[in-house]
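Worksheet for the structure shown next.
The basis for the numbers below is simple: all heavy atoms, side chains too, and nothing from hydrogens, waters or symmetry mates.
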Amino acid sequence: MEEDMIQREANDEKLINDAFQRLLTDYLNSRHRKKVDLINKAFNFAKQAHKGVRRLSGEPYIMHPISVAQIVCSEIGLGSTSICAALLHDVVEDTDYTVEDIENMFGPKIAQIVDGLTKISGGIFGMQASAQAENFKKLLLTMSEDIRVILIKIADRLHNMRTLDSQPANKQYKIAGETQYLYAPMAHRLGLYKIKSELENLSFRFEHPEEYNNIVKKLEATQRSRHELFDLFTAPIEARLKAMGLKYEIKERVKTPYSIWSKMQNKNVTFEEIYDILAVRIIYTPTSRDMEIKECFNIYVELSQIYKSHPDRMRDWVNHPKANGYQALHVTLMSQQGHWIEVQIRSTRMDEIAEQGFAAHWKYKEGENAEYSEDENELNEWLRTIKEILDDPQPDAMDFLDAIKLNLFSSEIFVFTPKGEIKTMPTGCTALDFAFSIHTFLGTHCIGAKVNHKLVPISHKLQSGDQVEILTSKSIHVEPSWINFVSTAKAKAKIQAILRRNGLDTQKDDEKEKEVKGQQSEKSKKSESEGGWRKFVPFVKAKKKEEAPEPELFIVPEKFNKKKPIFITEETISQYIFPDCCHPIPGDDVLGYITTKNQIEIHKRACPTANRLKASYGNRILDAKWDMKKQHFFDVSLRMGGIDRRGLVNEVTRVLSNQLNVDIRKIMFTTADGIFDGIIDLRVHDCEDLTQIIDSLKKVENLQEISRIK
C-alpha cells in the first residue's frame with residue numbers, strides 16, 4: 001500500500017513538472033521579456049499552497065492553475081504578470097494566504113489581479129440573484145481597472161469547460177449555460193475568436209451530447225469529399241499567389257459542430273443543406289507594413305479573375321475593423337463544382353489579432369504605471385458604456401444581466417455622422433439608439449432623424465452605411481414607450497434611469513408589448529425567435545409576478561437530490577410544470593428548474609429562458625430525463641412550404657390521418673404567387689413519432705420545406 005502511495009506521488013510529481021516545463025518553454029519562445037525567476041517563484045508558491053488537494057477528476061489541484069497559465073501564455077499571448085496571476089488565481093480563495101501575502105511576495109500589480117479574480121470566483125454568479133448581479137458588477141469594475149482580470153477569468157473558464165466531464169449533469173448544464181450566455185460573448189467581444197468558438201462548442205457538447213455526436217460523425221463521413229473540394233478550389237489560387245511573389249499559407253477552415261447546429265436550428269435546414277461548412281483562409285506576409293492593405297486587395301482582384309464573386313457577401317473588415325480589432329477581407333466565390341465558398345484574406349498581423357485578440361498586442365509596462373497600447377480605444381469605449389450602466393444599475397438581477405448581454409452583440413454595422421465620422425453600432429439598432437450613443441441630451445430630446453437625408457421616426461432601424469442626423473426638440477421628453485424602440489444597453493439603461501427619476505414605470509409598456517406579441521402572425525414570431533433571448537424577457541417577468549419575491553438566500557430543499565436526475569414518467573408528469581416558452585416533448589434534451597415555490601419547471605436545454613435561468617440561478621438546475629411509454633400525447637406545430645398545386649393539402653392530410661393515424665388539431669394554409677405556406681398542429685407521443693411524420697411528409701411532391709416550430 002505504501003509503495004502504491006510512493007508511486008502515485010512520483011507519477012504526480014512527473015505530471016506536474018512536465019506541465020510546468022511545457023509552460024516555461026512556450027513562454028521562452030514568446031516575444032515577452034524573460035522573467036523566468038518570477039514565474040518559477042509563483043509556481044513553487046502555488047504548488048506548496050495546493051499540496052495534497054485533488055480535483056474531482058482525481059488529478060493534483062495544481063494542474064488547474066498550470067493549465068490556466070498555459071492558456072494565458074500560449075492561446076491569449078500574455079506575459080509574466082498574467083502567467084503569475086494565473087498560477088496564483090485560486091490561492092487566496094482556497095488556502096489561508098491573503099492578498100497582502102501575495103503583494104509582499106509578488107508586488108502590487110499581481111496582487112491586484114489575483115484580488116480581482118478572487119472577488120469574482122466560483123463562476124460569475126453566486127447562490128442568489130442579488131449576489132449574482134453584485135458579482136458581475138465586480139467583474140466589470142475590475143475589468144475596467146485591468147483587462148487582464150477578465151482575460152485570465154476566460155482562460156479559467158475554458159479549462160473548466162475542457163475538464164467538465166468529471167462534474168454531475170446538473171452542474172454541467174449550469175456551467176455550460178453560463179458559458180454560452182456570457183463567457184462566449186465576452187470572449188468574442190475581446191476578439192478571442194478561437195476561444196469563443198471552443199467555449200460554444202464545449203457548451204453544446206455537454207448540453208446536447210446526442211446532436212453533437214451526430215454532427216461530428218457526419219463531419220467525419222464527409223471529410224474526404226471536403227478535402228477534394230478544397231484541393232480543387234485552391235490549386236489555381238496557389239498558382240496565382242506564387243506568380244504574385246507573395247509568402248503565404250492557405251488553411252482549410254471547417255465550421256464547428258455548434259455553428260452547424262445553430263444554422264440548422266435557425267434556418268430549419270438539415271446538415272446536408274448547409275453549403276458553407278468549408279471555408280478557405282489565406283494568410284499572407286506583407287512585403288512591408290505600408291503595403292499590407294494594398295496587397296490584401298490585390299489578392300482579392302486576382303481571385304475574382306479566377307472565380308465569380310457573390311456581390312452581397314463581401315465584407316471589408318480591413319478598412320473598417322470590428323470594434324474588437326478584427327481585420328480581414330471576406331469574399332464568397334463560386335467554385336467550378338457549383339459550391340459557394342467563403343475566402344478570408346488576412347495578413348499575418350491580422351491573423352494574430354483574430355486568433356488572440358488585442359490582448360496579443362497590449363504591451364504592459366511593469367510596476368505602478370501599467371499602460372496599454374493605443375489599440376485599446378474601442379475597448380475603452382465599451383468599458384465606459386458598461387460603467388455608465390453600473391452607475392444606474394437595474395434593481396433586478398435578470399434585467400441587469402440582460403442590459404450587459406445587450407453590450408455583447410456579435411454583429412456590427414457602420415453608421416456615419418453628418419460630418420462623415422464613422423460610429424460602430426450593433427445590428428438592429430435604431431435612430432434613438434444612435435442618438436443616445438452620441439450624447440444623453442440628444443437621446444432625451446430626440447424627435448426623429450434624417451437618414452440619408454430622408455426624415456424617419458425614432459424607431460427606424462439603421463443599416464450599415466447610413467448617414468444619420470439626429471433631430472431634437474426641447475419640448476420632447478423620454479416616454480415609457482421608448483424602451484420598445486431601443487436595443488443597445490446604453491440607451492435602455494439611460495431611458496430606465498430617467499423614467500425611474502421621473503417616477504414613471506415601464507411595466508405598462510411591457511404588458512402592452514406582450515399583448516402585441518400575442519397578436520403577431522406566426523411568420524413574425526419566427527423572425528422574432530431568431531432574434532434570440534430578448535423575446536422571452538416578458539415571460540421571466542411574468543413568472544416573477546406569479547411567485548413570491550426572491551428570498552435573500554434560496555436554499556434548495558433536501559427532497560431534491562441534485563446529483564441524481566429526475567425522471568419524467570406517465571406517473572410523475574403531473575408533478576411538473578411545462579411553461580409556454582419552449583413546449584418540450586419526450587425525446588427533447590431537457591432540464592429541471594426549481595422555482596421559489598419548490599415546484600419544478602421542465603425546459604428544453606436550448607430554450608432561451610432556460611439559458612438565462614442557468615446563468616442566473618444555477619444552483620436550482622436539475623438534470624431531467626424522459627421515461628415515457630407512448631401513452632401520453634403532446635402538442636407540436638409543423639411549418640411547411642413549397643410549390644402550390646391542386647390537391648396538395650388533401651395529400652398532406654391523407655398521409656397524416658390515414659397512413660400515420662395522427663390526430664390533427666388545427667391546419668392553416670395560405671398561397672401567394674404559386675408558393676404555399678402552412679402550419680399544422682398535431683398530437684404526438686414523442687420526437688420519434690415526429691421524425692417519422694416529417695420523413696413521410698418529405699415524400700409528398702412539391703413539399704420542399706418542413707420543420708418543427710420551436
Side-chain angles (χ1 to χ4, degrees), residues 129-130 133-134 136-137 140-141 144 380-409 415 417-418 423-451 455-462 468-517 531 533-535 537-538 540-542 544-545:
S130 57
E134 278 309 311
F136 197 46
K137 284 175 205 169
L140 295 164
L141 287 169
S144 54
N380 276 342
E381 186 62 39
W382 178 54
L383 291 175
R384 265 197 295 278
T385 300
I386 287 174
K387 274 189 164 176
E388 285 183 29
I389 296 165
L390 292 173
D391 291 339
D392 256 313
Q394 303 300 316
D396 180 85
M398 290 290 250
D399 288 348
F400 174 76
L401 292 178
D402 284 340
I404 295 301
K405 185 80 170 105
L406 283 168
N407 254 71
L408 301 175
F409 265 98
V415 182
T417 68
K423 274 197 77 75
T424 305
M425 297 290 292
T427 302
C429 72
T430 62
L432 190 56
D433 283 306
F434 183 75
F436 274 106
S437 77
I438 302 287
H439 197 280
T440 304
F441 177 85
L442 281 184
T444 307
H445 298 289
C446 181
I447 195 171
K450 280 187 176 177
V451 174
L455 195 63
V456 298
I458 59 174
S459 59
H460 177 82
K461 286 196 175 179
L462 302 178
V468 186
E469 180 188 350
I470 298 300
L471 307 174
T472 60
S473 166
K474 285 186 180 177
S475 62
I476 291 291
H477 297 285
V478 172
E479 295 179 17
S481 62
W482 284 20
I483 208 77
N484 303 324
F485 302 150
V486 291
S487 66
T488 56
K490 183 174 183 176
K492 268 193 191 296
K494 288 289 178 194
I495 291 167
Q496 284 169 335
I498 291 164
L499 292 174
R500 278 201 301 277
R501 279 200 293 274
N502 296 344
L504 295 167
D505 190 10
T506 60
Q507 189 60 45
K508 285 176 187 172
D509 271 83
D510 281 347
E511 294 300 326
K512 186 179 174 187
E513 185 184 10
K514 205 158 64 176
E515 193 181 314
V516 170
K517 283 181 179 176
W533 56 274
R534 286 171 57 209
K535 176 186 172 188
V537 175
V540 176
K541 286 186 175 167
K544 283 198 173 157
K545 281 188 172 176

What are the two closest heavy atoms between Ile458 and Gly448, and how far apart are they? CG2-N, 3.7 Å

Minimal heavy-atom distance between Cys446 and Trp482, with the atoms involved, is O-CH2, 3.7 Å

At their closest point, which heavy atom of Ser437 faces which heavy atom of Lys423, and how far apart are they? OG-CE, 3.5 Å

Closest heavy-atom contact between Lys492 and Ile483? NZ-O, 3.3 Å

Scanning both residues in full, the closest heavy-atom pair of Ala435 with Leu442 reads O-CB, 3.6 Å

Does Val478 form a side-chain contact (heavy atoms from CB on, under 4.5 Å) with Leu499? I'd like the steps, not just the answer. CA-CA 7 Å; Val478 172; Leu499 292 174; 3.9 Å; yes

Could you pull out the closest heavy-atom pair between Ile447 and Ser473, with the gap in Å? CD1-CB, 4.0 Å

Listed by chain and number, what are the ring pair (Phe, Tyr, Trp, His ring centres under 6.0 Å) partners of His445, not counting sequence neighbours? Phe441, His477

Any heavy-atom pair between the side chains of Lys494 and Thr444 that's under 4.5 Å? no

With rounding to the nearest 0.5 Å, note down the distance linking CG in Leu432 to NE2 in His460. 13.0 Å

Going by side-chain contact (heavy atoms from CB on, under 4.5 Å), name the residues that satisfy it together with Val468, two or more places apart in sequence or in a different chain. Val415, Phe434, Ala449, Val451, Leu462, Asp466, Ile470

In Å, rounded to the nearest 0.5 Å, how long is the span from CD1 of Ile495 to OG1 of Thr488? 8.0 Å

